[in-house]
Amino acid sequence: MNMSVVDQDYLNTLNNQQKEAVLYTEGPLLILAGAGSGKTKVLTTRVTHLIQSKKCFGSQILCVTFTNKAANEMRERVQSLTQSNANSVPWLGTFHSISNKILRKHAEAVGLKPSFTILDTLDQLKLIKNILAAENIDVKKNPPKLIAYLIDHWKNKGLLPSEIKTSASDYSKNNALRIYKTYQERLKLMNCVDFGDLILHCVSIFRNFSEIRESFKRNFKYILVDEFQDTNFIQNLWLNLITSDTKNICVVGDDDQSIYSWRGAEVKNILDFEKNYSNTKTIKLEQNYRSTKNILNTASSLISNNDDRLGKKIWSDFDPGEKVWINSYSDGRDEATGTSDIIEKELIKKFSLNNISILVRAAFQTREFEERFIRIGLPYRVIGGVKFYERSEIKDALCYLRLIYQKNDDLAFERIVNTPKRSIGDTTLKKIHEFSRINNKNFFETSLELLDGNELKPKTKQSLKLLIKNLINWSKLSEQLGHVELLERVLDESGYTQMLINEKSPEADARLENLKELRSSMKNYPNLIEFLENISLQTAIDEEWDDEKINLMTIHAAKGLEFDCIFLPGWEEGMFPHQKSIEEKGDVAVQEERRLAYVAITRAKKRLFISFASNRKFFGNKNDNNDWMPSMPSRFIDELDKKYLNINEIAENSHQDFEFSQDNNFTENKRSPGWERYTKSREKIKTINYTNNLTDFKMGQSVQHETFGNGKIIHIDGNKLLINFKSSGEKKVIDKYLKKIANE
DNA sequence: TAACAACGCTTTTTT
DNA sequence: AGCGTTGTTA
């Protein structure tokens, strides 16, 4: 192939900066790419260019993306641009999937077998709980979630248990460290790794085995990293270790879109990049090809409230388009109704449903919209909701397979040993735990021994025996049968399918349906091993984009995506910015929430609707007023430049709450005036209930309770009343459960 | 001792 | 509304 102009057709659609970013191939390159500036296009074209101009083979390119989805899309685009086969760029993927691949090859170097299992968050938590129970540590004082969080953080910083220094006074941290140590030992024993280990083990291999490191360094002639602002310390180290001496490393990032600091991501990596690699070339992509001017300006006005920005000037050639709508609703149901009205009455005529998305801060917020859409029959899909592979029936099925494949997978054993019910309850399980600890054997081996002894009740013994016999049999079958047939046999012979059929509930039907889906997705893998080794990193079964459906997802999940129409509901103080994040990290967190809001706004191409409700319901509906909370519009709404907005107060009651006069000096006390008013209004509501109740009930009043019967008030504490019941004595009861009756 | 019912506490974001 | 813990039943 010669280097004619025709061969470089792929450059024709690029602007000057983009072209430069593609053609500057040698030496370190930092691309600061604003939202919608075509960075994916640049990356794919760059990969194409490297291959087409014969600078290297596709197999010599390391290209790291943030999600599997992004990797798949990029692979497809490169494929069609280079007209090559599917595996032309084998080292294209996420840090985790590439690490997985490396680790399967070099597992022995870190004391694992190549068949290791990747644990998901639920498995992790379960293991931590088991360790806590075995060591008699109070779960209330040491929440497993917190420990998991700490372990994850340590791993993101590249710290092994031996490398962590603690002060003796920090009780909970010391506890967590002890658990961390045991946790790692247990993982090794079960031949398992967690997400963090994938990266961490690779780093130790690169560090301790120079031949392996050098072979990768030699092979990877060019490295590309997407979403560099969201890489963390250990990932950065991982990269540094295998970057070759020619330093052909190109990173793409946007400091304004850094939204994963809670996962250890450091924007600092962008700033340090120029320090780490001397003679770094920096290219800024500032022209936006996605959004209308009104949308883009709205986004810019918001993000200008953040400090410490690298400073890009995003601009657009596009029309101003329609102004951004700010809609106010009285409650969440109104918000969902209003949203579906806009879609049905207006958008549906001009846009495909696939091009309409509702982006929320927290996953549970999609529910109100789902209910509405079901009610009126608008088709929708929830992206990244409950992960397919985390559904209980899918996990059950996978654990059967995991256990058949690896008898030492104690977590899998524990999960399925009594599912379906086999009369193997807590007591038996405890025995298995204890015995396996004492004898240093896994649960499967321990069960075999217990079956020999007289420790178990006959009924339990019999069903455990049957299970073990089945497992051994399935293991044998796994060598002859295809993996799909094996699953069918297992579900059948274990009684799992029957259990679901017997339930006769809609949920059980859905579960059976999901198992069918699992079966068909297994067909995409050649055998059981390939399947088990890859599903853990797979989040969902690929979405079907063929049907016309409205998309519901979290803002985090929308990263990297774009849609014609975007709805951003729930912009209320406490929800967005989220209260938890403010409590934990104060202003730093508010800035990250603001970046999240910026990401959300910049997903929109043509139409954008931001909304909030004045009253919000929490925790499902118990049909009383206790779960209602009045809410203030988010401070972010006040920060948007009104020039680009249409403000629409739909709900009558929201006027007094909705003001655009909040000043922005909340950096001092980390709370905006809006927040202050919000908390005050909450207190006020509580106070009103409280005084009303006091006027209703007086000392000595005779009352009636549904379950406790009749009694007399003998003490009043707020709305909690101490009652002396005739039949059951003194009890503390909330006033609203009481009825006044005539005094006797 | 296991299965089932009731209660109460919780909800950020994810590879 | 959904889960895990506690209390009650068979």
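Lettering of chains follows the sequences in order, A, B, ..., and the numbering in each one begins at 1. No experiment lies behind these values; they were computed from the predicted model shown.
Both A/Arg361 and A/Gln124 lie close to DNA chain B; mapped to their nearest nucleotides by heavy-atom distance, the more 5′-ward contact belongs to A/Arg361. Judged by closest nucleotide on DNA chain B, A/Lys421 is the one of A/Lys421 and A/Phe195 placed further toward the 5' end.
Taking only side-chain nitrogens and oxygens, A/Thr427 comes nearer than 4.0 Å to OP1 or OP2 of B/dA2. In this structure, A/Thr460 does not reach the B/dT1 phosphate: none of its side-chain N or O atoms is under 4.0 Å from OP1 or OP2.
Within 4.0 Å of A/Phe95, counting heavy atoms only, lies no atom of the nucleic acid at all. Backbone-only engagement by A/Asn418 is indicated by non-hydrogen atom pairs under 4.0 Å involving sugar-phosphate atoms exclusively. Residue-level contact check: A/Lys459 touches neither bases nor backbone, having no heavy atom under 4.0 Å from any strand. Heavy atoms of A/Lys145 sit under 4.0 angstrom from primed sugar atoms or phosphate atoms, though from no base atom.
Each of A/His556, A/His578, A/Glu593, A/Glu572 was scored for a side-chain hydrogen bond (donor to acceptor under 3.5 Å, both in side chains) with A/Arg361, with one residue passing: A/Glu593. Put simply, the residue from A/Thr65, A/Val64, A/Leu198 that forms a side chain to side chain contact (heavy atoms under 4.5 Å, CB included) with A/Thr94 is A/Thr65.
Closest approach to the A/Glu593 side chain among B/dT14, B/dT12, B/dA2 is made by B/dT12 (side chain taken as heavy atoms from C-beta onward). Listed candidates were B/dT13, B/dT15, B/dA3. Nearest to the side chain of A/Trp262 is B/dT13. Of the listed nucleotides (B/dT15, B/dA2, B/dT13), B/dA2 has the atom at the smallest distance from the side chain of A/Thr428.
The side-chain heavy atoms of A/Thr446 and A/His433, taken from C-beta on, include no pair separated by under 4.5 Å. With contacts defined as side-chain heavy-atom distances shorter than 4.5 Å, the pair A/Gln257/A/Tyr598 qualifies. For the pair A/Ile535 and A/Leu398, the minimum side-chain heavy-atom distance is below 4.5 Å.
Atom pair A/Lys559:NZ and B/dT15:P shows a separation of 11 Å (rounding to whole Å applied). Separating the CG atom of A/Leu537 from the C1' atom of B/dT14 is a distance of 12 Å, rounded to the nearest angstrom. For the pair A/Gln462 CD and B/dT1 P, the computed distance is 18 Å after rounding to whole Å. Counting to the nearest Å, the P atom of B/dT15 and the CD1 atom of A/Ile151 are 20 Å from each other.
Both geometric conditions, a ring-centre gap below 5.5 Å and a plane tilt below 30°, are not fulfilled together for A/His96 over the base of B/dT15. Ring-to-base geometry does not place A/Phe364 in a stacked arrangement with B/dT11 (centre distance under 5.5 Å, plane angle under 30° required).
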